[in-house]
Amino acid sequence: MRDLLRSGRVRLRDEIVTDPALHLTEEQAGELTLDGEPVTASRYLYFCLYKPDQCLTAMTDDRLPCVGDYLPSELKTKKISPVGRLDYHTTGVLLLTNDGELSHRLTSPKWHQKKVYLVTYSGEALTDREVALFAKGMTLTEAGHAPEKLKSAELILLSDQQCRLVLTEGKTHQVKRMLAATGRSVIALHRESMGPLTLHEGQKPGEMYPLTPDEILALKAGTELN
Ligand code: URA
């Protein structure tokens, strides 16, 4: 927040606000803008992190780099945590928030969120056969596990080694397991979007941005929260 204030992007009416200790009335708080867009005062915080490669989806870890390392120190006491999980090597969109109800709904099968992954894989190029297989909802049959029926998924073929996969559920390692079931291996996995959330133009791995009021509303609308 201090960095945002220092950057001069926050205004109260026409005045730039730089003092983090400034006390605002409720009415004034309603008039704050960030880059000209209204900032609503909320007890909850929402950020979209570009999760980098080699990073655990955890707030702390004794041994390995984790998502919590990217949170500015003044936010470390705010009980913020990641919504859902990306694997250690998976990059891309990861929502961080302390809004427990929204977090619960976004990960619940009841309000399944569309997630779009860019997949780089090895093995034979995927074909229309797999497009049809994924579309009808495949069943994973893995040694030592009960068969698992998956929902319909959209597979878009991009090149001999790349595809885009659109899922509406979030089973553990789902993309890798779906590709493995067709005899391919995932080499790199990048989440392009989760529900209405995407990375902002120019956002780099490890950078996060606070969600705009519109982005928060769109996320809530997708889980019937207001
Ligand atoms: N599917 C996977 O296999 N890994 C992820 O990180 C996300 C989806």
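Both ligands and their constituent atoms are indexed starting at 1 by order of listing.
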Could you check which of L86, L167, V175, L179 puts a non-hydrogen atom nearest to atom 1 (N) of ligand 1? V175

Atoms in ligand 1 flagged as close to Y117, the criterion being non-hydrogen separation under 4.0 Å: 7 (C), 8 (C)

If we number the atoms of ligand 1 from 1 as shown, the ones under 4.0 Å from a heavy atom of T90 are 4 (N), 5 (C), 6 (O)

Please walk me through it: do R164 and E154 pass salt bridge (charged side-chain N to carboxylate O under 4.0 Å, His left out)? CA-CA 8 Å; R164 187 165 277 124; E154 188 185 359; over 6 Å; no

What part of D87, side chain from CB on, backbone N/CA/C/O, both or neither, has a heavy atom under 4.0 Å from ligand 1? both

Quick note on ligand 1: atoms under 4.0 Å from a heavy atom of Q174 include exactly 1 (N), 2 (C), 3 (O)

With under 30° as parallel and over 60° as perpendicular, where do the rings of H200 and Y209 fit, or are they tilted in between? parallel

Pair E130, T182 - check side chain to side chain donor-acceptor pair (under 3.5 Å), show working. CA-CA 8 Å; E130 285 79 33; T182 72; 5.3 Å; no

If the test is side-chain hydrogen bond (donor to acceptor under 3.5 Å, both in side chains), which one of E192, H190, K51 qualifies with T91? H190

Part of V186 within contact of ligand 1 (heavy atoms, under 4.0 Å): neither

Could you tell me whether some N/O pair between K176 and ligand 1 is separated by less than 3.5 angstrom? yes

Hey, are E101 and R105 close enough for a salt bridge, meaning a charged N less than 4.0 Å from a carboxylate O? yes

Among Q174, E169, R191, which one satisfies side-chain contact (heavy atoms from CB on, under 4.5 Å) with K115? R191

